[in-house]
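Let me begin by presenting the structure, written as structure tokens, before commenting on it.
Below, all heavy atoms of this structure are taken into account, side chains as well, without hydrogens, waters or symmetry copies. These numbers were taken from a predicted model, which means no experiment stands behind them.
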Amino acid sequence: MSSTSPVFHWFLPTSGDSRHVVGGGHGSPLNGASADRPPTLGYLTQIARAAEQLGFVGALTPTGSQCEDAWLTTAMLSQQTEHLKFLVAFRPGFLSPTLGAQMAATYQRHTRGRLLLNVVTGGESQEQRAYGDFLDKEGRYARTGEFLHVVRGLWEGGTVTHDGEHVQVAGARLSQPPRPIPDVYFGGSSPAALHVAARYADTYLTWGEPPAQVAQKIERVRALAAAQGRTPRFGIRLHTLSRDTSRQAWAEAERLLEGFSPEAVAQAQRGLRRSESEGQQRMLALHGGVLPSALSSGRGGGTRTDLEIHPGLWAGIGLVRGGAGTALVGSHEEVADLIAQYRDVGIEEFVLSGYPHLEEAYWFGENVLPLVRRRTARAPADGGVLASPA
């Protein structure tokens with residue numbers, strides 16, 4: 001394991017929060033009935049301040065028609081926090097690259113360098129068309145590459161002229177480039193996505209597949225990036241559910257699962273199966289898309305037997321939620337152990353969430369974060385075995 005301390009980010013639930021799983025995303029309709037904590041600025045400020053106090057580096061804010069706008073929301077939250085960074089998700093097809101670069105530069109100045117950018121190409125054509133974007137998936141990735149080419153040139157202080165298939169600018173320049181230049185986070189599992197990530201991403205993000213599958217994806221991106229002379233970092237998007245004992249954590253997972261009706265799962269899965277996102281299809285393959293038989297018959301039980309796809313990795317959330325659908329579940333020590341497994345395959349950053357986001361930030365931040373950092377501080381720099389104390 002690397003002796004470098006991993007980076008942890010939290011999540012801002014800008015489509016609403018609850019003590020139950022809030023579904024929706026990637027073609028699945030938002031389960032508004034379960035979002036019983038509206039995403040008011042006051043509530044999101046509570047979460048952001050908690051994340052900052054607990055030691056998270058940043059907070060991811062999603063993008064899409066189901067949630068509040070990420071740029072506006074985080075700009076407001078930045079004035080309520082001191083050093084928390086904001087991993088702002090945005091879609092490059094919805095604005096010009098020059099304007100996007102300028103917005104990022106302004107954000108950096110007004111927040112004293114607290115912007116991180118999560119570039120979301122958009123996996124669902126139906127949603128993209130609602131915003132006026134009629135490119136197909138391959139076209140969207142090609143456009144993202146051109147967009148990032150222009151943006152990076154502008155951030156570096158150059159004058160950029162680009163006459164591409166999807167992006168055209170002439171003599172573009174920023175009067176004040178951002179300092180520091182924001183890190184670019186990028187996810188996607190299709191070949192087109194991996195090539196864009198290899199060329200432009202500072203951190204490649206993957207959803208929470210088992211460590212062996214994550215290792216395979218990392219190696220693919222690492223090889224593609226090496227061909228470009230680049231060395232990106234790697235991050236993972238997961239939920240977390242840790243408690244003082246393993247029994248308590250799995251009982252909470254069972255409680256969340258009991259909130260899913262067979263009808264709600266079936267409706268969500270119909271939408272998710274239509275998703276064009278290869279990453280979403282990989283998520284669906286982890287759990288089969290149905291409630292455990294014991295739950296669907298009303299008997300209870302079956303959480304671990306049917307949905308624990310790797311020791312401590314639970315796929316239950318993906319039954320009703322698009323995107324990240326797996327959770328780290330167990331005692332604080334067990335969750336820290338699983339984090340170590342991901343670190344061993346190359347993951348350096350963890351973007352986490354949990355229901356509800358305020359309370360789960362404290363469970364993880366007060367119990368798992370210190371444990372991981374103590375272990376990291378004790379790890380030998382050469383990755384060798386620690387000597388026993390005298």
If the condition is salt bridge (charged side-chain N to carboxylate O under 4.0 Å, His left out), which residues does [X] pass it with, not counting sequence neighbours?
X: Glu52; answer: none
X: Arg222; answer: Glu219
X: Glu209; answer: Lys217, Arg282

For the hydrophobic clusters of this structure (ILVMFWY residues joined by side-chain heavy atoms under 4.5 Å, transitively), does one cluster hold both [X] and [Y]?
X: Met103; Y: Val184; answer: yes
X: Leu358; Y: Val351; answer: no
X: Leu205; Y: Ile218; answer: no
X: Ile236; Y: Val221; answer: yes
X: Leu116; Y: Phe56; answer: no

Would you indicate whether the side-chain heavy atoms of [Y] and [X] approach each other to under 4.5 Å?
X: Leu257; Y: Leu319; result: yes
X: Leu44; Y: Met76; result: no
X: Val167; Y: Pro97; result: yes
X: Leu286; Y: Pro210; result: yes
X: Asn367; Y: Val335; result: no
X: Tyr107; Y: Leu117; result: no
X: Leu95; Y: Phe90; result: yes
X: Thr14; Y: Pro62; result: yes

Approximate separation, where rounding is to 0.5 Å, of [X] [atom1] and [Y] [atom2]:
X: Ser189; Y: Arg220; atom1: OG; atom2: CZ; value: 8.0 Å
X: Leu54; Y: Glu366; atom1: CG; atom2: CD; value: 6.0 Å
X: Thr206; Y: Arg237; atom1: OG1; atom2: CZ; value: 12.0 Å
X: Thr326; Y: Leu307; atom1: OG1; atom2: CG; value: 11.5 Å
X: Thr74; Y: Leu84; atom1: OG1; atom2: CG; value: 10.5 Å
X: Asn118; Y: Thr203; atom1: CG; atom2: OG1; value: 10.0 Å

side-chain contact (heavy atoms from CB on, under 4.5 Å) assessment of Trp363 paired with Asp244: CA-CA 9 Å; Trp363 275 111; Asp244 295 337; 3.9 Å; yes

Within 6.0 Å of CZ in Arg109, more than 12 heavy atoms from elsewhere: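 Above 12, so yes.
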
Within the supplied structure, the quantity of interest is the number of heavy atoms (other residues, nucleotides, ligands) at a distance under 6.0 Å from Arg199 CZ; does it exceed 12?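 Open: at most 12 neighbouring heavy atoms sit under 6.0 Å from CZ of Arg199.
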
So Leu60 and Trp10, side-chain contact (heavy atoms from CB on, under 4.5 Å) or not? Walk me through it. CA-CA 6 Å; Leu60 171 65; Trp10 197 241; over 6 Å; no

May I have all residue pairs that pass side-chain hydrogen bond (donor to acceptor under 3.5 Å, both in side chains) and include part of residues 38-49, sequence neighbours excluded?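 Sorted result for residues 38-49: Asp17-Tyr43, Arg37-Tyr43, Arg49-Gln80.
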
Pairwise side-chain hydrogen bond (donor to acceptor under 3.5 Å, both in side chains) hits with a residue in residues 143-153, at least two apart: Thr121-Thr144, Asp133-Arg143, Glu146-His162, Arg152-Asp202

Show the nearest heavy-atom pair for residues [X] and [Y], with the distance to one decimal.
X: Ala89; Y: Ala70; value: O-CB, 3.6 Å
X: Arg233; Y: Asp183; value: NH2-OD2, 2.9 Å
X: Leu313; Y: Tyr342; value: CD2-OH, 3.3 Å
X: Gln341; Y: His310; value: OE1-NE2, 2.9 Å
X: Pro178; Y: Gln108; value: CB-CG, 3.9 Å
X: Val372; Y: Ile339; value: CG2-CD1, 4.2 Å

Return yes if a side-chain donor-acceptor contact under 3.5 Å exists between Arg321 and Tyr355, otherwise no.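 Yes - a donor-acceptor pair under 3.5 Å links their side chains.
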
Give the C-alpha distance, both sets of side-chain angles, the deciding distance and a yes or no for side-chain contact (heavy atoms from CB on, under 4.5 Å) between Gln128 and Arg91. CA-CA 10 Å; Gln128 295 293 124; Arg91 300 188 183 186; 2.8 Å; yes

Using the salt bridge (Lys or Arg N to Asp or Glu O under 4.0 Å) rule, take Arg243 and Glu360 through it: C-alpha gap first, then chi angles, then the decisive distance, then the call. CA-CA 10 Å; Arg243 294 294 185 269; Glu360 288 298 331; 2.7 Å; yes

Look at the side chain of [X] and the backbone N and O of [Y], then say whether any donor-acceptor pair between them is shorter than 3.5 Å.
X: His239; Y: Ala327; value: no
X: Arg114; Y: Phe86; value: no
X: Arg173; Y: Gly157; value: yes

Restricting to ring-ring contact (aromatic ring centres under 6.0 Å, His included), what partner residues turn up for Phe11, sequence neighbours left out? His357

What pairs with His83 under ring-ring contact (aromatic ring centres under 6.0 Å, His included), at least two apart in sequence or on another chain?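 In terms of ring-ring contact (aromatic ring centres under 6.0 Å, His included), with neighbours along the sequence ignored, His83 is linked to no residue.
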
Quick one: name the residues clustered hydrophobically with [X], using the 4.5 Å side-chain heavy-atom rule over I, L, V, M, F, W, Y, and just say none if it's on its own.
X: Leu371; answer: none
X: Val57; answer: Val7
X: Tyr131; answer: Phe94

Could you give me the CA-CA distance, side-chain angles and deciding distance for Phe8 and Phe350, then say whether ring pair (Phe, Tyr, Trp, His ring centres under 6.0 Å) is met? CA-CA 5 Å; Phe8 291 93; Phe350 295 81; 5.2 Å; yes

Show your reasoning for whether side-chain contact (heavy atoms from CB on, under 4.5 Å) applies to Tyr200 and Val119. CA-CA 10 Å; Tyr200 296 106; Val119 177; over 6 Å; no

Output all residues satisfying side-chain contact (heavy atoms from CB on, under 4.5 Å) with Ser331, sequence neighbours left out; order by chain, then residue number. Glu333, Glu334

By side-chain contact (heavy atoms from CB on, under 4.5 Å), which residues pair with Leu284, not counting sequence neighbours?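 Partners of Leu284 under the side-chain contact (heavy atoms from CB on, under 4.5 Å) test: Gln269, Leu272, Arg273, Gln280, Gln281, His287.
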
